[in-house]
Structure formats: structure tokens, C-alpha cells
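One structure is given below, encoded as C-alpha cells.
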Amino acid sequence: MAKWVYIEDLKKFIGEEVEIRGWLYNKRSSGKVKFLILRDGSGFVQCVMVKGTVSDELFASFKELTLESSIVLVGVVREEKRAPGGVEIDVKDYKIIQKAVDYPIPKVREENIPDVGVLLPKRHLWLRSKKQWALMRIRDTIEKGIEDFFHERKFVRIDSPILTPSACEGTTTLFKTDYFGEPAYLSQSGQLYVEAACMAHGKVYCFGPTFRAEKSKTRRHLMEFWMVEPEIAFYELDDIMSLSEEFVEYLVKRVLEEREEELHILGRDLKKLEKIKRPFARITYDEAVKILKDKGMEFEWGDDFGGDEETAISEAFETPVIVHRYPAKIKPFYMKRDPENPDVVLNMDMLAPEGYGEIIGGSQREDDYDTLLKRFEEENLPIEDYKWYLDLRKYGSVPHSGFGLGIERTIVWISGIRHVRESIPFPRLLEKIYP
RNA sequence: UCCCCGGUAGCUCAACCGGUAGAGCACCUGACUGUUAAUCAGGGGGUUGGGGGUUCGAAACCCUCCCGGGGAGCCA
């Protein structure tokens, strides 16, 4: 009985007979030599079958093999310099578990991969293709990297609720549900809850899905996306700017270390990622506006940056760039005003290089009860809903700060892909929830 | 909510001024003892998104509806 092994471990079994359990990814033939490319989830391997080395019956059955049929194959592992993974398998025998007929995503060349309108409804099958396989593994590494980064620094993970009684950001983009006759909303951010938790644990973070019913149909938007939000008591703006730099540098390094093959499959320029080292560029909003004006772009102080502006700013740097101290008018109520200039707040956005746009938004929070109450009144927010949040400023309030990193946009940037919908297993897009 | 682009073979796209539908890939058949997006030869495959209109003649022009994509606003 041959031992069942995974393709990623084949190098340890050179010269041995092994069993591979997987699917037929591709096949090629050259007369008396047949090639089967198998995938088993852990990788891809080419299996070779030469006429005369297997039974004529098995050799002839090659032409019956269809793409994505499930298969159990037995063969001998051989070192092969010509093979991408360094090993090949000489086929002894194989058995079809289930024959796939007319697999809906055809084997295609680069220049005519189907349109997303064709691929998205087949997302459950599209996940099997090489690039999507690579992307999900990069996502996995980033998610593990997030957990490791914070736990290595003694943070406590606090899971924020998904069903919430009120909005954190604007109210136009909430998914409304019925909660025993009362309205409840799917969470847009765990921030308010981690603010409470950091007063209990000091250093905390939450990591989970967030939901925004924005009518946005662009390659940067998902209705459901994952966000990691650290929040730290006694941290001020400079402290979270430093933490965010350390964090992003760490995630890029992890992906470079653990997913080089996957980045290669995606055709990512590794040199660009290797430049992601601290210190990152740090500029004020004022300085960012100057960059735009120097480039001849029309921009009014007080406006928020759009996609074009973000791209123009990030193009000026090879590392990510932090822009801090935005006009208070365009930022939410919980951000603390800069004591040295009340027109701006102590916030920070991090823009990824190469025009990939904003990946982090964070701030020092308003920690003074009276000031925060005044802000609630100015914004016409329902104080009843936020009584608990105001309590945090009544019972041992301290300076505290945090930020949120959207992991899909981070994956898009690190992987060098174009669209967020490929960065999540089953994307929820505007008016699209299948499969 | 608004703006722009598109819909032709299973997929990606052609089709000149409006003249009667074509290629690559996929698929099927055959050839090939080292292919890496294999290659070579042959074959099948179309109510040109729906409806209406203009015209001797519409994939093309006009109206309308449907579907898809991108972007603005908003944001991660």
C-alpha cells in the first residue's frame, strides 16, 4: 500500500511509491508519453506515464480523463529539474473517483480568460484555479500574521458584536435587520466596542467581518469585508502611527517569507514588496495638499482625497505613506482635535504604494467627556444610544488610539491584483449574493 | 442616485461606408516518446441579449427594455 502524501511534501519521498489524492488540473500528451497535472490543494505536480510502463488499458484510458475529475494516483516520486516544483511522479496506477463532465470553467490561455461576469457566478469552482488558489493562501497568511503580530505584542483579541443597536459611521450605509421587533444593524466597525475593551485589557484588537450597504460598484468595494482594529489605552497619535508601520511591514514580510510561490503565480514584482521597510513616509494633510498642487492638480483645502488624489500622493513614495491631521469637518465625531490646531483632528490614513489607495484609517480618540458630548450634539447623534460610550469618558478616561486595516485591500496590494472581489473567498457585491 | 463603456460560437474577440457571420482558445477525430498556455492536421458548433422601427437589405442606424462591466459620491 502506497502512503497517501500531499504534493507539498513530495520532496521528502524521492524514490518512494506514494499515493496522491486530488483532481486533474490539466493534461498533455505527446504520443507515447502522457502528462497528467494533478492538484490536491497543497500544490500542483506533473505525473508522467510512458507506454509500456503501465498496462495498455490504463495507458489508453488517458483520453477518457476529463479536467477536474477527482482521482487517486499511485506512482514513484522522482527528482526532475525541468519541473516547476522540482519533482515529478512516474505513474503506476490511478483510479477515477468521479468523472467531471463539461467542467464549466474551461482550460484557457491568459489572453482569453472569461469575463468576471462569467466567473463570479461560478466562484465555487473558480476557487480551484491557480491564481485564486494562490490568493486564498496569501489571505490565510495575512490572517495568521494578524493574529501572530498582536499576540506577540501581548494584545488580547476581543470579538466585537456583529448585531448592533446603532450606527458608528453614517447611517445611509447600514444593513438593517429585525431584532425581536427592534431595528438592529450589521456592524460597520468594532471600534466603539474595542474602545471599551482597551480600558479593561490595555491592548486589544478585534478581527471580523464588517458590513456596509454602500451603493458602490467599484473594484475597491465589497458589501462584506474583514477588518482588524487594534485599540490601545494610553497611546497617542504618534504611537499608533508607529504601530501601524510596524504592523504593515510585518505582514508584507510574512507573505514574502511564506508565499513566494504564490506571489510568483500571481506575477507580483517582489522587488516592490521588498522595499516595504520602516520608516514609512509621514506627511500632514497640509503637505499632501501641497504635493497635489505641485503636480498641478486642482484641490481645495478641506476636501477629502478621492481615488486620483490618493494615487498621486502615494506615487510620490516607494513605501506606504501616512497622511495625518485631516480637516475636522470631514472626519467623524470620535476623533480628537489637535490641541495645537482645532481645525484638524489627530487622525492618520495609510496609503499603499503603486496607487493601491487607503489601507488603514485611525485616530487618537476624543477622551474628554464634555468635548465629546458637544460633538454628539453638533452631529445630532442619538445620545441615548451612546450613553455607554460616554461612560468610558466618565470612569477613568485616558488618552487612547486605534486604527482599522481592511484586509481585502491589503491583500489586493500585496498580491498586486486589480480587484477586491478576488481577495475574499465568496465576495458580496452590490446586489450580488450568489453563490 | 448619477456618468461612461459593453452584450456576436462554450470562452476571448473580429466583421471597412449598412451588402447577408469569421479567427484564436475550448470541444470531438487523428498524428506525435518530454510536454510545460504542448504542437500539427481535420471536424462540429450562431434566431448577432429581447422587442419595435428605418431600409431593397441591419450584428451595424434609431427607439425601448433587460443584463454585464467600470467610475463618481461614500469609504477600508
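All chains are named by letter (A, B, ...) in the order of the sequence lines, taking the proteins before the strands, and each is independently numbered beginning at 1.
Using a 4.0 Å cut-off between charged nitrogen and carboxylate oxygen, A:Asp148 and A:Arg254 count as a salt-bridge pair.
Look at A:Phe35 and the base of B:G34; the rings do not stack under the cut-offs of 5.5 Å between centres and 30° between planes.
Nearest heavy atom pair, residue A:Met136 against residue A:Arg123, reads CE-NH2, 3.7 Å.
For A:Ser216 and B:C75, a side-chain-to-base donor-acceptor distance below 3.5 Å is absent, hydrogens and geometry of angles not being considered. Below the 3.5 angstrom threshold, one finds a donor paired with an acceptor across the side chain of A:Arg409 and the base of B:C75.
With a 4.5 Å cut-off on side-chain heavy atoms, A:Val77 and A:Val45 do not count as touching.
For the P atoms, the distance from B:C32 to B:A15 is 40 Å, rounded to whole Å.
The residue A:Thr210 sits apart from the nucleic acid: no heavy atom pair falls under 4.0 Å. If you check every strand for non-hydrogen atoms under 4.0 Å, A:Lys217 touches a base. Backbone-only contact: A:Ile113 has heavy atoms under 4.0 Å from sugar-phosphate atoms and none from a base. Within the nucleic acid shown, A:Ile105 has no heavy atom closer than 4.0 Å to any nucleic acid atom. The residue A:Val420 sits apart from the nucleic acid: no heavy atom pair falls under 4.0 Å.
The residue among A:Ala83 and A:Thr66 whose nearest nucleotide of RNA chain B is located toward the 5' end is A:Thr66.
In this structure, the side-chain contact (heavy atoms from CB on, under 4.5 Å) partners of A:Val289, at least two apart in sequence or on a different chain, are A:Tyr285, A:Lys293, A:Phe299, A:Trp301, A:Phe305.
The glycosidic torsion of B:C17 lies within 90° of 0, placing the base in the syn range.
Residue A:His419 places at least one side-chain N or O under 4.0 Å from the OP1 or OP2 atom of B:G70.
Here the nucleotide nearest the side chain of A:Val118, chosen from B:U12, B:C32, B:G69, is B:U12.
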